[in-house]
Student: 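Starting off with a structure, shown below.
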Amino acid sequence: MLIAGNWKMNGDPSSMDEFGRMIARAPEATARGVDLIVCPPAILIAKFVDRATVSKIGIGGQDCHAEPKGAHTGDISAEMLAACGATAVIVGHSERRTDHGETDEMVGKKALAAQRAGLTAIVCVGETEAERDAGEAEAVVGRQLAGSLPEGLDPARLVVAYEPVWAIGTGRTPSLDDIAAMHAFIRATLTARFPETPVQILYGGSVKPSNAAEILAVENVDGALVGGASLKADDYLGIALAAPAA
Ligand SMILES: O=C(CO)COP(=O)(O)O
């Protein structure tokens, strides 16, 4: 099980106290075989890495550029994240796809860049509410998987996060049956693509301590990608401790 926290555009140096509380409690989760990765805003990555060295919390980025360096004002490369001590990066989050017009092709290049730099690529996919209502959820996710996972990706350093767009930050979640169906579909797709190596599949979208146990118990759910509830140590650890014991 992997519980990844996506802080999004939240946090500043005063967040070190909250992160310190997460570090203090991390061993409770890791003792149960749950891996933890926190993805703070880029300005905090180096600080978090310094603080986390003695603990078992990995630190990740929230995005990376496909190129290793150069004239790309405002962007950060996977190599820069790795040099600062990050071990993973989220790519293709729906907020980046929407706010920054990222296409599957761009996401795929970022995933390759992440692995080129030695990072685990956490690739996000998920349908909008209109797409689900139209009965197209699997087709959309299948298309995103095909387009965002290019040739050359190493399944051993790949995580796929299923985040239905309409469940992000809304307090709404799919039914457990719908989560199970989509995760089974993603599992079948990934197994066909990478028959030798199982890829971890996370669920994301309004995961909280109160619903984590039932979601994490669903077949083919190997963890969660948590937004809002990952900002508070008690909520984040509450979710991690709800994971079924390994
Ligand atoms: O987008 C998410 C994680 O990447 C989910 O966000 P929430 O947990 O706030 O719904």
Side-chain angles (χ1 to χ4, degrees), residues 1-11 15 18-19 22 34-42 44-45 48 57-64 81 86-100 102 107 110-111 114 119-129 131-132 137 140-141 144-145 148 158-176 178-179 182-183 186 200-216 218 221-243:
M1 281 274 162
L2 167 64
I3 307 298
N6 176 8
W7 279 32
K8 309 191 179 185
M9 197 169 70
N10 297 290
S15 312
E18 199 62 35
F19 183 60
M22 289 181 188
V34 178
D35 290 331
L36 302 176
I37 295 179
V38 172
C39 303
L44 293 177
I45 287 175
F48 275 37
I57 295 191
I59 304 300
Q62 299 177 9
D63 175 50
C64 66
L81 292 171
T87 55
V89 60
I90 299 166
V91 294
H93 191 282
S94 63
E95 287 150 15
R96 302 240 16 126
R97 291 175 185 263
T98 304
D99 296 355
H100 300 271
E102 291 191 8
V107 173
K110 289 175 181 222
L119 305 176
T120 294
I122 303 174
V123 178
C124 301
V125 295
E127 82 286 356
T128 63
E129 184 156 38
E131 289 163 342
R132 174 157 288 269
V140 168
V141 168
Q144 290 173 334
L145 288 172
S148 309
L158 174 65
V159 174
V160 169
Y162 167 57
E163 299 204 310
V165 177
W166 52 274
I168 295 176
T170 58
R172 297 164 57 209
T173 54
S175 70
L176 297 178
D178 284 344
I179 294 175
M182 184 60 85
H183 278 245
I186 295 172
Q200 236 167 357
I201 308 172
L202 311 183
Y203 168 79
S206 297
V207 178
K208 307 184 216 52
S210 56
N211 62 16
E214 57 183 20
I215 290 173
L216 293 172
V218 172
V221 173
D222 306 318
L225 181 54
V226 185
S230 73
L231 294 169
K232 292 271 171 251
D234 285 347
D235 290 345
Y236 181 54
L237 267 298
I239 291 167
L241 294 175

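One-based numbering, in listed order, for ligands and for the atoms of each.
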Student: Which of the atoms in ligand 1, numbered in the order shown and given with their element, are less than 4.0 Å from a heavy-atom of Gly228?
Tutor: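 Ligand 1 atoms under the 4.0 Å threshold to Gly228: 7 (P), 8 (O), 9 (O).
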Student: So that I can tick it off, tell me whether Arg132 and Glu127 are bridged by a salt bridge, with the cut-off set at under 4.0 angstrom between side-chain N and carboxylate O.
Tutor: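 Arg132 and Glu127: salt-bridged.
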Student: If you count the non-hydrogen atoms of other residues, nucleotides and ligands that lie under 6.0 Å from NZ in Lys208, is the total more than 12?
Tutor: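 Counting neighbours around NZ of Lys208, more than 12 heavy atoms of other residues, nucleotides or ligands fall under 6.0 Å, so yes.
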Student: So, regarding Ala229 and ligand 1 (criterion: nitrogen or oxygen to nitrogen or oxygen, under 3.5 Å), is there a contact or not?
Tutor: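 No, there is no polar N/O contact under 3.5 Å.
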Student: Taking a cutoff of less than 4.0 Å between a non-hydrogen atom of the residue and any ligand atom, is Ser206 in contact with ligand 1?
Tutor: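 So Ser206 counts as touching ligand 1.
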Student: Taking only heavy atoms of Gly205, which atoms of ligand 1 are found under 4.0 Å from at least one of them?
Tutor: 5 (C), 10 (O)
Student: Look at Lys110 together with Asp63 and state whether they make a salt bridge at an N to O cut-off of under 4.0 Å.
Tutor: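 Yes, this pair counts.
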Student: Counting from 1, what ligand 1 atoms have a heavy atom of Glu163 closer than 4.0 Å?
Tutor: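 Close to Glu163: 1 (O), 2 (C), 3 (C), 4 (O), 5 (C).
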Student: Can a donor-acceptor pair be found between the side chains of Thr98 and Glu95 at a distance below 3.5 Å?
Tutor: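 The answer is no; no qualifying pair exists.
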Student: Using a strict cut-off of 4.0 Å, indicate which atoms of ligand 1 neighbour a heavy atom of His93.
Tutor: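 Reading through ligand 1 atom by atom, the close ones are 1 (O), 2 (C), 3 (C), 4 (O).
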Student: Would you find a donor on one side and an acceptor on the other, under 3.5 Å apart, between the side chain of Gln62 and the backbone of Lys8?
Tutor: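 Checking the backbone N and O of Lys8 against the side chain of Gln62, a donor-acceptor pair under 3.5 Å is found.
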Student: When you measure from the heavy atoms of Lys8 to every atom of ligand 1, does any distance fall below 4.0 Å?
Tutor: yes
Student: Ring pair (Phe, Tyr, Trp, His ring centres under 6.0 Å) for Trp7 and Phe48? Distances and angles first, verdict last.
Tutor: CA-CA 12 Å; Trp7 279 32; Phe48 275 37; 5.3 Å; yes
Student: Which residue, Val207, Leu216, Leu202, forms the side chain to side chain contact (heavy atoms under 4.5 Å, CB included) with Ile3?
Tutor: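 Going through Val207, Leu216, Leu202 one by one, the side chain to side chain contact (heavy atoms under 4.5 Å, CB included) with Ile3 is satisfied by Leu216 alone.
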Student: Among all the protein's non-hydrogen atoms, which is closest to atom 8 (O) of ligand 1, and how far away is it?
Tutor: Gly227 N, 2.8 Å
Student: Considering both backbone and side-chain atoms of Leu225, is one of its nitrogen or oxygen atoms within less than 3.5 Å of a nitrogen or oxygen in ligand 1?
Tutor: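 Leu225 vs ligand 1: no N/O contact under 3.5 Å.
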